[in-house]
Amino acid sequence: MRASEAAVCIVGGGAMGGAIARGLVASGTCPASHVTVCDHNDAKLEALASDCAVSTARDAARALAASPDVVVVAVKPQVLSSLLEEVGPAVAGSLAVSIAAGTPLGSIEEQLGEGARVVRVMPNLPVAVRRGASAVARGLWATDDDVALVCELFGALGSVAVMREDQLDAEGAVIGCAPAYFALMVDALTRAGVDAGLPAAAARDLACATMGGVSEMLSDSGEHPRAYMEKVTSPGGTTAAALRVLEPALVEGCYGAVDAALERTRALSRKG
Ligand SMILES: NC(=O)C1=CN([C@@H]2O[C@H](COP(=O)(O)OP(=O)(O)OC[C@H]3O[C@@H](n4cnc5c(N)ncnc54)[C@H](O)[C@@H]3O)[C@@H](O)[C@H]2O)C=CC1
Ligand SMILES: O=C(O)[C@@H]1CCC=N1
């Protein structure tokens with residue numbers, strides 16, 4: 001089945017579920033009439049209906065009674081199990097796509113029952129503007145066609161890579177969380193800029209523009225980041241002085257951040 005033909009139900013219309021719905025419709029991958037978003041929160045549903053004309057429902061059980069081809073489960077990991085307890089039988093006939101951090105395929109399959117087709121995806125927030133990055137891991141009973149469909153859906157929202165489930169957890173700790181890491185960098189640079197005498201709005205806008213430009217140059221050229229850094233770093237210049245201070249703190253910070261995110265992923269997984 002092609003993504004354009006699939007009836008997609010997204011359970012949870014929050015930050016990620018909403019971003020996926022908006023991205024799928026804006027990219028023309030799914031007609032709005034094929035997408036339903038369920039959430040208890042009326043304000044989120046109203047915003048989604050007005051932004052991208054998807055159907056909305058307060059009651060997931062009712063929306064799932066229509067037997068959608070794909071159910072994207074986009075609720076917090078802490079409520080996934082109770083949601084599946086409630087609507088599991090209705091999901092079991094569809095291709096279930098879980099984006100929950102740390103909830104293993106095995107525990108979802110166990111709840112849905114033998115033969116349930118489940119795929120785990122770890123996307124990130126820029127799927128909302130179709131410049132996201134998603135890792136995909138296949139469940140025991142998911143077919144090649146299921147994985148191809150999920151790759152088409154999330155490929156319309158940015159880059160996609162298929163990997164093993166244990167790699168997906170690492171990808172989540174690095175790439176799933178990275179939009180927050182990068183936003184923190186913009187915020188930190190803005191604050192340092194203000195401290196150095198720049199207007200806050202200008203510092204923020206210029207930092208954002210630069211982040212976008214660096215991303216485009218690195219992606220287009222495939223150049224190693226360190227080779228790129230050399231082009232900015234004159235011998236005895238200002239960047240060299242800055243990097244001497246920033247590099248050790250940032251490198252240690254990144255290792256520590258990813259370790260902490262992985263530890264939390266494991267804790268969520270044990271709770272599931
Ligand atoms: N926020 C992010 O950047 C990323 C989040 N994720 C995963 O996505 C999932 C959702 O996270 P967020 O969107 O950040 O959370 P969120 O809190 O923004 O959205 C979750 C939504 O689910 C709704 N909900 C809860 N129970 C429900 C039910 N029984 N029926 C219908 N709707 C229900 C809530 O009202 C809420 O709007 C999590 O499992 C998280 O691990 C994965 C990658 C990135
Ligand atoms: O913080 C979280 O739990 C989610 C998972 C990956 C990014 N955000």
Side-chain angles (χ1 to χ4, degrees), residues 8-23 35-49 51 54-65 68 71-88 90-91 96-105 107-108 111 118-129 131-137 150 153-154 157-161 163 165 167-184 257-269 271-272:
V8 178
C9 181
I10 301 173
V11 183
M16 277 311 299
I20 292 166
R22 288 183 174 87
V35 179
T36 303
V37 181
C38 310
D39 204 297
H40 300 320
N41 184 315
D42 288 329
K44 289 179 186 177
L45 293 182
E46 278 160 26
L48 277 162
D51 288 355
V54 292
S55 304
T56 59
R58 285 197 101 248
D59 181 9
R62 187 170 293 182
L64 292 170
V71 178
V72 179
V73 189
V75 298
K76 292 288 188 199
Q78 293 87 339
V79 301
L80 179 58
S81 175
S82 62
L83 173 76
L84 292 183
E85 230 163 74
E86 192 190 322
V87 300
V91 175
V97 177
S98 166
I99 64 165
T103 306
L105 281 162
S107 73
I108 300 170
Q111 272 202 283
V118 185
V119 172
R120 260 187 82 188
V121 178
M122 181 46 61
N124 67 13
L125 197 57
V127 295
V129 293
R131 295 185 66 190
S134 302
V136 173
V150 170
L153 289 167
F154 283 85
L157 309 178
S159 298
V160 177
M163 54 186 72
E165 190 178 21
Q167 296 172 319
L168 184 119
D169 285 341
E171 193 271 356
V174 179
I175 305 299
C177 302
Y181 306 157
F182 293 156
L184 178 63
V258 169
D259 279 348
L262 268 175
E263 185 48 43
R264 184 64 188 140
T265 307
R266 288 187 200 107
L268 287 169
S269 155
K271 278 182 197 150

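Count residues from 1 along the sequence. Each ligand, and each atom within it, is numbered from 1 in the order the structure gives.
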Tell me which protein heavy atom sits closest to atom 28 (C) of ligand 1, plus the residue, atom name and distance to 0.1 Å.
-> His40 NE2, 3.2 Å
Option from Val136, Thr265, Ile99, Leu168 for which side-chain contact (heavy atoms from CB on, under 4.5 Å) with Met122 holds | Leu168
Which segment of Lys44 sits under 4.0 Å of ligand 1 when only heavy atoms are counted = side chain
Is the number of heavy atoms from other residues, nucleotides or ligands within 6.0 Å of CZ (Arg62) greater than 12?
-> no
Identify the closest protein heavy atom to atom 5 (C) of ligand 2: which residue and atom is it, and at what distance?
-> Ala101 CB, 3.8 Å
Does the protein place any heavy atom closer than 4.0 Å to atom 2 (C) of ligand 2?
-> no
By number and element, which atoms of ligand 1 are closer than 4.0 Å to a non-hydrogen atom of Pro77?
-> 38 (C), 39 (O), 41 (O)
What protein heavy atom sits nearest atom 43 (C) of ligand 1, and how far off is it?
-> Pro123 O, 3.2 Å
Would you check the N or O atoms of Lys76, main chain and side chain alike, for any that come under 3.5 Å of an N or O of ligand 1?
-> yes
Evaluating non-hydrogen atoms only, which member of Val87, Val127, Val75 is closest to atom 39 (O) of ligand 1?
-> Val75
State, to 0.1 Å, how close Ser134 and Glu171 come at their nearest heavy-atom pair, and which atoms those are.
-> C-OE2, 4.2 Å
Check whether any N or O atom of Met16, backbone or side chain, sits under 3.5 Å from an N or O atom of ligand 1, and answer yes or no.
-> yes
Please report the shortest heavy-atom distance between Ala21 and Val37, naming the atom on each side.
-> CB-CG2, 3.8 Å
Can you find a pair of side-chain heavy atoms, one from Lys44 and one from Thr56, that are under 4.5 Å apart?
-> no
Could you grab the distance from atom CG of Leu48 to atom OG of Ser55, nearest 0.5 Å is fine?
-> 11.5 Å
Return yes or no for this condition: an N or O of Leu125 is under 3.5 Å from an N or O of ligand 1.
-> no
Could you find the nearest protein heavy atom to atom 19 (O) of ligand 1 and give me its residue, atom name and distance?
-> Gly14 CA, 3.2 Å
Hey, is Leu83 touching ligand 1 through its side chain, its backbone, both or neither, going by heavy atoms under 4.0 Å?
-> side chain
Evaluate the side-chain proximity of Leu268 to Gln78: yes if any heavy-atom separation is below 4.5 Å, no if none is.
-> yes
Among protein heavy atoms, which sits nearest to atom 10 (C) of ligand 1, and what does the distance come to when rounded to 0.1 Å?
-> Ala74 O, 3.3 Å
Return the residue, atom name and 0.1 Å-rounded distance of the protein heavy atom closest to atom 41 (O) of ligand 1.
-> Ala101 N, 3.0 Å
In the protein, what heavy atom is nearest to atom 22 (O) of ligand 1, and what distance, to one decimal place, separates them?
-> Gly12 CA, 3.5 Å
Residue, atom name and distance, where the atom is the protein heavy atom closest to atom 7 (C) of ligand 2 | Gly176 O, 3.4 Å
Could you check if a side-chain atom of Phe154 sits within less than 4.5 angstrom of a side-chain atom of Ile20, using non-hydrogen atoms only?
-> yes
Among Asp39, Leu84, Leu80, which residue meets the side-chain contact (heavy atoms from CB on, under 4.5 Å) test with Val75?
-> Leu80
Specify the closest pair of heavy atoms between Leu105 and Glu165, including all atoms of both residues, with the distance to one decimal.
-> N-OE2, 2.6 Å
Which ligand 1 atoms, with their elements, are less than 4.0 angstrom from a heavy-atom of Met122?
-> 42 (C), 43 (C)
Indicate yes or no: does an N/O atom of Ala60 lie under 3.5 Å from an N/O atom of ligand 1?
-> no
What protein heavy atom sits nearest atom 42 (C) of ligand 1, and how far off is it?
-> Ile99 O, 3.4 Å
At their closest point, which heavy atom of Asn124 faces which heavy atom of Gly132, and how far apart are they?
-> OD1-CA, 3.2 Å
Test item: Glu86 and Leu64 side chains (from C-beta on) under 4.5 Å apart, heavy atoms | no
For atom 32 (N) of ligand 1, the protein heavy atom that lies nearest, with its residue and separation = Asp39 CA, 3.5 Å
